[in-house]
Amino acid sequence: VQLQASGGGLVQAGGSLRLSCAASGRALSSYAMGWFRQAPGKEREVVAGISRSGGSTYYVDSVKGRFTISRANAANTMYLQMNSLKAEDTAVYYCAGHLGDYNHLANIDQRGMNYWGQGTLVTVSS
């Protein structure tokens, strides 16, 4: 599967952005999906994950209540709605897919992801 992330940009603190991850080559429904981010000078970290059906989600504590991950399998697309953005959310955001599902989405991490999108830059100005 090929993944294409889009939707990044420059936004003021407190603003919103919606990222999209479009899949091609294979049905998105075959994959548990995740959003990851890498800030300048930092390790890449998981932001959120979603099960194949969309029925289960996971969020890192720092984005709970502000970000929402969702997917539209019929459209082969995953989303990340980001609200109340903070300067510390500035990073390159990557979407990634894990073939199959996780028993516990809290176990999602980059080592288990089989496919990656190219990244989209989110810059939050304070």
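Owing to the predicted nature of the structure, the values given are computational and were not obtained by experimental measurement.
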K.L.:
Is the shortest heavy-atom distance from the side chain of I69 to the side chain of W35 under 4.5 Å?
P.N.:
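I69 vs W35: side chains touch.
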K.L.:
Tell me if a side-chain donor or acceptor on T120 pairs with a main-chain N or O of G8 at a distance below 3.5 Å.
P.N.:
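Judged by distance alone, yes, a pair lies under 3.5 Å.
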K.L.:
Look up atom OG in S70 and atom CG in L80, then write down how far apart they are to the nearest 0.5 Å.
P.N.:
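Rounded to the nearest 0.5 Å, the OG-CG separation comes out at 8.0 Å.
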K.L.:
Are M113 and M78 co-members of a hydrophobic cluster defined by side-chain heavy atoms under 4.5 Å apart?
P.N.:
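No; tracing contacts between hydrophobic side chains, which count when under 4.5 Å, never links both residues.
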K.L.:
Is there a side-chain contact between L19 and M82 in this structure, where contact means two heavy atoms from C-beta onward sitting under 4.5 Å apart?
P.N.:
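Contact flag for L19/M82 side chains = yes.
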K.L.:
Just verifying a value: how many Å separate R71 CZ and I50 CD1, rounded to the nearest 0.5 Å?
P.N.:
6.0 Å
K.L.:
When you compare the side chains of N83 and S16, does any donor N or O come within less than 3.5 Å of an acceptor on the partner?
P.N.:
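The answer is yes; a qualifying pair exists.
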K.L.:
Distance-only, no hydrogens or angles: does the S51 side chain make a donor-acceptor pair with backbone N or O of S56 under 3.5 Å?
P.N.:
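Checking the backbone N and O of S56 against the side chain of S51, a donor-acceptor pair under 3.5 Å is found.
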K.L.:
Please list, chain by chain and in numerical order, all residues satisfying ring pair (Phe, Tyr, Trp, His ring centres under 6.0 Å) with F36, sequence neighbours excluded.
P.N.:
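Result, ring pair (Phe, Tyr, Trp, His ring centres under 6.0 Å) vs F36: W116.
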K.L.:
For residues 68-101, which residue pairs qualify under ring pair (Phe, Tyr, Trp, His ring centres under 6.0 Å), counting only residues two or more places apart or in two chains?
P.N.:
H98-Y102
K.L.:
According to a 4.5 Å side-chain heavy-atom criterion applied to Ile, Leu, Val, Met, Phe, Trp and Tyr, with indirect links allowed, do V122 and V47 form part of one hydrophobic cluster?
P.N.:
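Cluster IDs for V122 and V47 match.
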K.L.:
Please report the shortest heavy-atom distance between Y59 and T68, naming the atom on each side.
P.N.:
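Result for this residue pair: OH-CA, 3.3 Å.
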K.L.:
Indicate every side-chain donor-acceptor pair of residues 22-34 with a distance under 3.5 Å to a residue at least two apart or in another chain.
P.N.:
from	atom 1	to	atom 2	distance (Å)
S30	OG	A27	O	3.4

K.L.:
Which value, rounded to the nearest 0.5 Å, describes the distance between D109 atom CG and R44 atom CZ?
P.N.:
11.0 Å
K.L.:
CG/L17 to CZ/F67 distance, rounded to the nearest 0.5 angstrom?
P.N.:
9.0 Å
K.L.:
Any chance you could lay out the side chain to side chain donor-acceptor pair (under 3.5 Å) test for Q81 and R18, step after step, and finish with the verdict?
P.N.:
CA-CA 4 Å; Q81 177 66 44; R18 188 174 83 155; 4.8 Å; no
K.L.:
Any ion pair linking K86 and D89 (charged N to carboxylate O, less than 4.0 Å)?
P.N.:
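Salt bridge flag = no for K86 with D89.
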K.L.:
What distance separates L3 CG from S20 OG, expressed to the nearest 0.5 Å?
P.N.:
12.5 Å
K.L.:
Between Q4 and Q118, is any pair of side-chain heavy atoms under 4.5 Å apart?
P.N.:
yes
K.L.:
Working to the nearest 0.5 angstrom, can you tell me the gap between N107 CG and L105 CG?
P.N.:
8.5 Å
K.L.:
Linking I/L/V/M/F/W/Y whenever their side-chain heavy atoms sit closer than 4.5 Å, directly or via other members, would L85 and V60 fall into one cluster?
P.N.:
yes
